[in-house]
Amino acid sequence: MDTEKISTGSTHVEIMDSTLRDGEQTNGVSFLPHEKLMIARLLLRDVNVDRIEVASARVSEGEKSAVKRICKFAEKDGSLDRIEVLGFVDHHKSIDWINECGGKVINLLAKGSEKHCIQQLHRTPQQHIDDILEELDYADKLGIKVNLYLEDWSSGMKQSPEYVYQMMESLKGTPIQRFLLPDTLGILNFMDCTDFVQQMVSYYPDKHFDFHAHNDYDLAVSNTLAAVKNGCKGVHVTVNGLGERCGNAPLASVQAALHDQLHVKTNIKEGQLNMISRVVEDHSGIALAANQPIVGDNVFTQVAGVHADGDNKSQLYCNSLKPERFGRKRAYALGKNSGKANIEMNLEELGMDLTLEQKRMVTQRITELGDRKEYVTQADLPYIVSDVLKHNTVEDRVKLLSYMVSTSYGLKPIASIKVSINGETYLADATGDGQYDAFVKALRKVYKVNLNRTFPRLANYSVSIPPGGHTDALVQTIITWHGQDGRDIRTHGLDADQTEAAIKATIKMLNIVEADQSVR
């Protein structure tokens, strides 16, 4: 069957998120039923993906409970047709399972390559087709819509295209809603994907095709773009690229590339992408790389001084990926590569006005610190300025006068503190799950009881040996706090003792909060 190469790129693309199904096949990831429901709600309501694949049928009772909860929520929300469950050609067992859960859409897993059909199912192609037709008829009787996965479709197109076309010819007249084309083993490249999708779309122009990428060669995003450019009307993604082996196409990267590179429309609310990324990071336990596009910690941070200088003058080092677009903000790193422009950007954001000579001195000190530990935060800057200029550029509004933390076998750790806040002295004590937890609870008590104010919420806590250090070196504790104004404050402390380092980081944070409070 010969055909002319075509380009039938869609102007609007459906996004189907499979974090709760394919993403859960990441080694070590298992979402609890209530976590699945929460993530499903966020994906549907906040991020506004078109569809979500939430589970594989017949996996476990816990999975069944999760699907029931999600379907119950979606039915009340008017979005039940956006909930999909992977099912199998298994004499109606999967369809019955989905029906019992209240689901209305099955993504039926059929074989898209001849070797899978014969060697795994031990069925001839025609027998497999007959089995599929029986499932379609049964689903129709129960009012369940069917999308069809052609599993291992990429291998099928490479090794047995006649089998793929036999499947399509036999099923093109059925009520299948969408044909899902997975690169199951992640073997495609941009050229292969272009060729194969063009063939499918040209032979069956009235059918809706979805493309499902895997990232084994780090080509999931580029293959997804190729599929859309050549006629696929839907694509499959996962939050943070979770998935088996090397994972799937990441939602944030695919969305940005579709919007900026192909200029196609989706229903995604880009401002929510960072939020859903952090939620899934927390509940999956899979940490994001700092350089993960769109959502990584460092992707909107300029390090080189020349870049900050260019941005300050004419946004010379900015592209279409504006951080504000994704609910984030640009930062300018402080370290040995920082130039005067980086320092000025950070000082301006903090509202600090220094002379040229003072800026030179601060820049020199930051370069020295960067050579030693490579990590300087914006929150350090007022303290560096104060130290360099030998005057109270930053007033210590919060001073830890004394404290005691203790722990005993069988008893909860105890903390007693004496702290000065804006010249007033306060005493408090508390117990906690650890020494630092007890210390923070004592501080919270001061803020709640004595000051009638809300203490910032601890958002992230990490401990490491500073770069270049050894096991007997100082401990670096980095803590991120979420303030009442929605601003995140990240501070760090260095000490030989982990608890002491965390306490130093906490006092730094409180001085920043109090300085802001005095300005207001």
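- Note on Lys72 versus Glu75: no salt bridge recorded, every NZ/NE/NH1/NH2 to OD/OE distance being 4.0 Å or above.
- Remark: the backbone N or O of Phe190 is paired with a side-chain donor or acceptor of Thr194 at under 3.5 angstrom.
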Intermediate values then yes/no, side chain to side chain donor-acceptor pair (under 3.5 Å), Asn240 and Ser277: CA-CA 6 Å; Asn240 299 340; Ser277 175; 2.6 Å; yes
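- Residue pairs meeting the ring pair (Phe, Tyr, Trp, His ring centres under 6.0 Å) criterion with at least one partner in residues 79-137, sequence neighbours excluded, are His92-Tyr138.
- Summarising the local packing, NZ of Lys93 is surrounded by 12 or fewer heavy atoms from other residues, nucleotides or ligands at distances under 6.0 Å.
- Looking only at atom types and distance, the side chain of Asn298 has no donor-acceptor partner in the side chain of Asn291 under 3.5 Å away.
- When only modelled atom types and interatomic distance are considered, Thr266 and Gln255 share a side-chain donor-acceptor pair under 3.5 Å.
- Under the 3.5 Å distance criterion, the side-chain polar atoms of Asp77 are left unmatched by any main-chain donor or acceptor of Phe73.
- His236 and Asp210 make their closest contact through NE2-OD2, 2.9 Å (heavy atoms, listed as atom of the first residue, atom of the second, distance).
- Of the listed residues (Lys68, Arg58, Lys64), just one forms a salt bridge (charged side-chain N to carboxylate O under 4.0 Å, His left out) with Glu100, and that residue is Lys64.
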Criterion side chain to side chain donor-acceptor pair (under 3.5 Å) on Thr480 and Asn460, from CA distance to verdict: CA-CA 5 Å; Thr480 303; Asn460 195 26; 4.8 Å; no
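- Heavy-atom minimum distance, Val201 versus Asn230: CG2-O, 3.6 Å.
- The closest side-chain heavy-atom distance from Arg21 to Val85 is not below 4.5 Å.
- Using a distance-only test at 3.5 Å, with no hydrogens or angles considered, a donor-acceptor pair links the side chain of Asn223 to the main chain of Leu188.
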